[in-house]
Amino acid sequence: MDIIKVKDKYKGSQKAFEIISKVHLNGARVFGLATGSSPLELYRELRESSIDFSDSISINLDEYVGLSKEDKQSYWTFMCQQLFSVKPFKKSYIPNGKAKDLAAEAKRYDEIIQQYPIDLQILGIGNNGHIGFNEPKTPFTSTTHIVELTDSTIEANRRFFAKKEDVPTKAISMGIKSIMSAKKILLLAWGEAKAKAIEEMVKGPVAENMPASILQKHQEIVIILDEAAGSKL
Ligand code: GLP
């Protein structure tokens, strides 16, 4: 694991931007994207740059079940606001949280990931060590699947909704096996709330109750931490 500690999320996002620019220059054309607050400054850097994704594919990690693309809180809306409206990709994929047959939607998404192997996957990490929406105890062999969100994740994400009852309780997420199949992974974590998960991810045993611990086994992973997130290393 290549761990880079920086002063704050601004410096960290500049570093992440440099890494993305370099892989793009070297021919990467399939980008796995994440939502949440961790990549926000990185997306700002990308919006303000001259990088051109019009010949690239983006594949997002996850989406809430029950929210349509147009919903204000959907990850589709998030991605349009943060990146796609300014930096459109040739094609952008996000799971359809409104699919009538969610199992078929998961299968369709796996086929997309197979068709377009991810060159670089951007990741955040949940306070409980989840990646994508792969909650603790998700099998490391999982591909795209439907997830029951844990109370801690619902609680952590309620800040984006008017009230807790509005936070969806299910999501459709790329699996851990799919994430691990990316050629390169770039994980970003800011703030003290992430420090324990980061410590367990890096130093703890590789175990399914800490989903991010599997990343110890990835051949090409860069982890960018601010001082607070890296304080227990
Ligand atoms: C959500 C997302 C994850 C994200 C995590 C952390 O659960 N599904 O992809 O990494 O939250 O979010 P944040 O970056 O806001 O801390």
Side-chain angles (χ1 to χ4, degrees), residues 6 8-10 12-13 16 31-46 58-67 71 73-79 81-83 92-97 106 109 113 118 120-138 142 144-161 164 166-176 178-180 182 185-198 200-201 210-215 221-226 228-231:
V6 292
D8 54 32
K9 64 180 175 184
Y10 302 101
S13 301
F31 294 86
L33 301 179
T35 52
S37 50
S38 305
L40 282 178
E41 282 301 314
L42 166 62
Y43 292 154
R44 186 185 52 75
E45 294 276 348
L46 289 168
S58 72
I59 305 182
N60 261 76
L61 284 167
D62 45 20
E63 179 60 282
Y64 287 115
V65 165
L67 299 192
D71 195 291
Q73 312 293 355
S74 76
Y75 283 167
W76 181 264
T77 300
F78 175 99
M79 289 310 302
Q81 288 170 345
Q82 299 301 327
L83 192 62
S92 287
Y93 295 99
I94 298 188
N96 175 9
Y109 213 65
I113 298 164
I118 293 171
L120 176 79
Q121 176 68 55
I122 296 165
L123 281 185
I125 182 169
N127 298 349
N128 63 0
H130 74 247
I131 47 177
F133 263 136
N134 294 287
E135 296 282 23
K137 301 208 168 70
T138 305
S142 57
T144 306
H145 61 292
I146 310 307
V147 179
E148 292 282 346
L149 299 176
T150 62
D151 200 52
S152 91
T153 299
I154 292 172
E155 197 56 54
N157 287 343
R158 68 179 286 187
R159 66 190 192 276
F160 301 111
F161 294 82
K164 189 176 174 185
D166 293 343
V167 187
T169 56
K170 285 185 187 178
I172 177 165
S173 178
M174 216 186 257
I176 294 184
S178 332
I179 293 172
M180 286 296 283
I185 295 179
L186 180 54
L187 185 143
L188 311 175
W190 325 127
E192 210 191 327
K194 303 288 170 76
K196 192 162 180 296
I198 293 294
E200 290 178 15
M201 170 181 86
M210 169 46 61
S213 64
I214 189 69
L215 299 172
I221 172 152
V222 180
I223 296 162
I224 305 183
L225 307 171
D226 68 359
S231 59

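In listed order, ligands and their atoms are each counted from 1. Excluded from the calculations below are hydrogen atoms, water molecules and symmetry mates; all remaining heavy atoms, backbone and side chain alike, are included.
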Whether S142 side chain and I176 backbone form a donor-acceptor pair below 3.5 Å: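 Answer holds: yes.
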
Backbone N/O of S13 and side chain of E41: donor-acceptor pair under 3.5 Å: no

What are the atoms of ligand 1, with element, lying closer than 4.0 Å to any heavy atom of [X]?
{"X": "G124", "result": "10 (O)"}
{"X": "F133", "result": "1 (C), 7 (O), 8 (N)"}
{"X": "Y75", "result": "1 (C), 2 (C), 8 (N)"}
{"X": "G36", "result": "14 (O), 15 (O)"}
{"X": "R159", "result": "15 (O)"}
{"X": "H130", "result": "1 (C), 5 (C), 7 (O), 11 (O)"}

Can you tell me which portion of [X] lies within the under-4.0 Å heavy-atom range of ligand 1? Options are side chain, backbone, both, or neither.
{"X": "I125", "result": "backbone"}
{"X": "S38", "result": "both"}
{"X": "L123", "result": "neither"}
{"X": "F160", "result": "neither"}

Check: G132 N/O within less than 3.5 Å of ligand 1 N/O: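 It does: an N or O of G132 is found under 3.5 Å from an N or O of ligand 1.
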
Check: S37 N/O within less than 3.5 Å of ligand 1 N/O: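 Yes, S37 has an N/O under 3.5 Å of an N/O on ligand 1.
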
Neighbour count above 12 (heavy atom, 6.0 Å) for [X] [atom1]:
{"X": "K164", "atom1": "NZ", "value": "yes"}
{"X": "K194", "atom1": "NZ", "value": "yes"}
{"X": "Y10", "atom1": "OH", "value": "no"}

From E135, E200, K196, residue fulfilling side chain to side chain donor-acceptor pair (under 3.5 Å) relative to N128: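 Result for side chain to side chain donor-acceptor pair (under 3.5 Å) with N128: E135.
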
Side-chain touch M174/I118, heavy atoms, less than 4.5 angstrom: yes

Near-ring test F161/Y64, centroid separation under 6.0 angstrom: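 Yes; F161 has its ring centre under 6.0 Å from that of Y64.
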
What residue and heavy atom of the protein are closest to [atom], and at what distance?
{"atom": "atom 8 (N) of ligand 1", "result": "D62 OD2, 2.9 Å"}
{"atom": "atom 16 (O) of ligand 1", "result": "K194 NZ, 2.6 Å"}
{"atom": "atom 4 (C) of ligand 1", "result": "T35 O, 4.2 Å"}

Salt bridge flag under 4.0 Å for residues D151 and R158: no

Whether Y75 and F133 hold their rings parallel, tilted or perpendicular, with breakpoints at 30° and 60°: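 Y75 and F133: parallel rings.
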
